[in-house]
Amino acid sequence: MSEESPKPPVTEEGLTPPLAGSSSARIIRPVRPHRPPPNATFTRAQRRPNYRRSTSTSDDELLDITPAAAAHEFKQMGRRSPLGGGFTGGSSQNLSASGGSTIDENEQDLNDETGTRYDDFHTIDWVRDLQRDSRRHRHILRRRGTTWRGMLSALHDAWSGWVCVLLVGLAAGVSAALVDIGATWMSDLKLGVCSSAFWLNRVQCCWSSNDTGFDDTICSAWRSWPELMIGNDTGAGPFILGYFAYTIWALGFAFLAALLVKIFAPYACGSGIPEIKTILSGFIIRSYLGKWTLIIKALTMILAVSAGLSLGKEGPLVHVACCCGNIIAYAFPKYSRNEAKKREMLSAAAAAGVSVAFGAPIGGILFSLEEVSYYFPLKTLWRSFFCALVAVFILRVINPLGTSNIVLFYVEYTNPWMFIELLPFILLGIFGGLFGVLFIRANLAWCRFRRESKLGRYPISEVCLVALVTSLLAYPNPYTRANA
C-alpha cells in the first residue's frame, strides 16, 4: 500500500501553493467555513445580524436604493460599492472624487424626466415615484432658507397643485358647456332652422323673436324643413318630408362621428370610464388622454347625441375632463415628470367630470374616491372638491341650457310627499330592475352576435344601422322625436 502524499497547506486567502516539483500554477480550492465548537455559547446580540435601526416609519424612509445611499452603506462596511463608488474601506474622501455620485448630485438629478419615462402598456412603480417626489420635496425645503430662488421655488411648489386643479376645473366646465350648446343646437337642426339666426336653437330663436309664451306650435322665427322647402307644415306630404329630413340628418351625424373616431382618434370610442379606472390604478396608455382624443371626443359626443342614439354624454364627460387634466398637468413639472403625482390630478379631473355631468360636486368626489381612484390622499380630496366646485360654477355662469340650471332635468320639491306616493315609486323600482335585466341580456346577446358575424368588422356601418333604426322609430312619436 502506497504512502499518502502530504496535503498542501491552505493560506489565509483560500489558495494552495504549488507542490514541489510541479510545473502547474496555483490550484484554487474552496475553504470550508469555520464552524464553532458544539459547546460554544452566544448572546442574543451575537445570534442576530446587526441591522441599522430606523427611527422613522414613514413612506419616505421605507426604501432608499439610490446609488449614493448604496455607496454610503458600502463605505460604512469598509467595502467597495458596486454602484459606481471608487473608495475603499475606511476612506473619508468625497464620493464624487472617486467616481461615485454624491447625495446632492442625486437630488439634482431628481428632475430628470428620463428617469420616470414608462413604456406603453406598462405599470408604474408607485414606491419609486412617490419616494422620488418625497426626495424632491425635501430638497426644495432645504433650499428654501438659503437663497431667494429657493424660496420662490418652494412657493411655486406649494401653490402649483391648487393652480393646476383650478385650471382643470375651468377647462372641464367650459368643455361641458360647449358640448351642451352644440348638442342642443344640432338636435334642433334635424327639425328645422332659425330664420333670423341659424346658430340659435329653437328655444333661443323663439326668445329672440319675443315669442316667450310659445307652446310647440307658435314660433314665428323658427322654420321647419317642410316649411322651408314647400311652404307648408301640415298634411301628409310635409310629414313625410320632415320624416326624411330627420332621418338624413341623423344618419349624417352618426356617420361623421364614427368616421372621425376611426380615422383620427380610435381611443375616443366608448364612454372611457373603464379605461380611466385602469389608468388611475397605475397603467400606462399613451395617447388615451391626449389632445387629439380630447378634440375628437368632444366633437363626436355632440354628433352622437344629436344623431338620436340612445346614449348620454355623462360618461364621456369624465373622459373629457381627464384629458383636460392630463394636458394641463404637463405645464407643471411636479406632475408631468412623476406618473404617481399625475394620478392625483386625474382623480380631481374625474370628480369634475361627474360634477358637470350631473350638477353634483359631492357626487363627483364620491365617484372619484370610491369608484375610479387607486391612490387618493387627503390633500387630493380637498383639491378634487375645489376642482368640482370650480367646474360647476363655470357651467352655471355660462348657462348652456338657457334655464339657469346646470342639468337638463331639474326638479324642485316645494310640497311634502304623501304616503300613497310610495306605491308608484315601488312599481318604478320593480320595472326598472326588470328592464335592467332585459337590457343586460340583450346587450350580451348583441355582443355575441357582433363577435360571430361580419357586422363587427364594419363599425361605421353598424353605427349607421343603429342610427337609422333609432330615427325611424323616434320620429312618429313627438316625445321621442324631441328627446332624440
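Nothing fancy with the numbering, it's 1 onward along the sequence. Side chains are part of it too, since the values below use all heavy atoms of this structure and drop only hydrogens, waters and symmetry mates.
Between D180 and L395 there is a side-chain heavy-atom pair separated by less than 4.5 Å. The shortest side-chain heavy-atom distance between C387 and V390 does not fall under the 4.5 Å cut-off. Counting heavy atoms from C-beta on, the side chains of W185 and L200 never come closer than 4.5 Å. In this structure the side chain of F283 never reaches within 4.5 angstrom of the side chain of H122, judged on heavy atoms. The shortest distance between side-chain heavy atoms of F264 and T293 does not fall below 4.5 Å. Residues T300 and L256 fail the side-chain proximity criterion, which asks for heavy atoms closer than 4.5 Å. Side-chain contact check for H156 versus L152: every heavy-atom pair is 4.5 Å or farther apart. Residues L191 and R202 are not in side-chain contact: their nearest non-hydrogen atoms beyond the backbone lie 4.5 Å or more apart.
Contact between L381 and F376 at its shortest, heavy atoms only, is CA-CE2, 3.5 Å. In plain terms, the two heavy atoms of L294 and C324 that are nearest each other are CD1-SG, 4.0 Å. Listed here is the closest heavy atom pair of V320 and S175: CG1-CB, 3.9 Å. Between L311 and A304, the closest heavy-atom pair is CD1-CB, 4.0 Å. Here the closest non-hydrogen pair linking P361 and V392 is CG-CG2, 3.8 Å. Shortest non-hydrogen contact noted between V372 and L280 is O-CB, 3.4 Å.
The CD1 atom of I276 sits 9.5 Å away from atom OG of S271, with the distance rounded to the nearest 0.5 Å. Note that OG of S384 and CE of M345 are 8.5 Å apart. Values are rounded to the nearest 0.5 Å. Atom-to-atom distance recorded for C194:SG and W222:CH2 is 7.0 Å, nearest 0.5 angstrom. For the atom pair CG of N201 and CG of D188, the computed distance is 5.0 Å after rounding to the nearest 0.5 Å. Once rounded to the nearest 0.5 Å, the distance linking OH of Y246 with OG of S224 reads 14.5 Å. Atom CD in E275 sits 10.0 Å away from atom CG in L289 (nearest 0.5 Å).
For the pair R136 and D157, the salt-bridge criterion is met [side-chain N within less than 4.0 Å of a carboxylate O].
T184 places no side-chain N or O within 3.5 Å of a backbone atom of I181 that could act as its donor or acceptor partner. Under the 3.5 Å distance criterion, the side-chain polar atoms of R143 are left unmatched by any main-chain donor or acceptor of G150. With S195 contributing its side chain and A221 its backbone, the two residues share a donor-acceptor pair below 3.5 Å. Side-chain atoms of T278 come within 3.5 Å of backbone N or O of P274 as a donor-acceptor pair. Side-chain atoms of K190 come within 3.5 Å of backbone N or O of S306 as a donor-acceptor pair.
Checked against the 6.0 Å centroid threshold, H319 and Y288 count as a close aromatic pair. Here the two rings, on Y374 and W126, have centers that are under 6.0 Å apart.
Taking a 6.0 Å sphere around CZ of F121, one finds it holds more than 12 heavy atoms contributed by other residues, nucleotides or ligands. Around CH2 of W292, the count of heavy atoms belonging to other residues, nucleotides or ligands within 6.0 Å does not exceed 12. Within 6.0 Å of CZ on F239 lie more than 12 heavy atoms contributed by other residues, nucleotides or ligands. Annotation: I420, atom CD1; neighbour count of heavy atoms from other residues, nucleotides and ligands within 6.0 Å does not exceed 12. Counting non-hydrogen atoms of other residues, nucleotides and ligands closer than 6.0 Å to CD1 of I362 gives a total of 12 or fewer. Around atom CH2 of W148, no more than 12 heavy atoms belonging to other residues, nucleotides or ligands sit under 6.0 Å away.
Screening R138, K341, R337 for a side-chain contact (heavy atoms from CB on, under 4.5 Å) involving D133 leaves a single residue, K341. Looking at D125, T123, D129 one by one, the single match for side chain to side chain donor-acceptor pair (under 3.5 Å) with Y118 turns out to be D129.
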Can you check side-chain contact (heavy atoms from CB on, under 4.5 Å) on L189 and W225, steps first, answer last?
-> CA-CA 9 Å; L189 191 62; W225 295 115; 4.1 Å; yes
Could you walk me through whether L438 and L434 pass the side-chain contact (heavy atoms from CB on, under 4.5 Å) test, one step at a time?
-> CA-CA 6 Å; L438 180 63; L434 295 177; over 6 Å; no
Please test E339 against I284 for side-chain contact (heavy atoms from CB on, under 4.5 Å), starting from the C-alpha separation and ending with a verdict.
-> CA-CA 9 Å; E339 293 291 339; I284 301 294; 3.9 Å; yes
Between F255 and L251, is a side-chain contact (heavy atoms from CB on, under 4.5 Å) present by the stated rule, with each step listed?
-> CA-CA 6 Å; F255 174 77; L251 283 175; over 6 Å; no
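Side-chain atoms of K342 and Y330 form a donor-acceptor pair, as typed in the model, at a separation below 3.5 Å. A donor-acceptor pair shorter than 3.5 Å can be found between the side chains of S368 and S373.
Geometric assessment of R343 against the ring of Y375 yields a negative cation-pi assignment under the 6.0 Å and 45° thresholds.
Using a 30° and 60° split on the angle between ring planes, W446 and F449 fall in the tilted class, from 30° to 60°. Using a 30° and 60° split on the angle between ring planes, F385 and W382 fall in the perpendicular class, above 60°.
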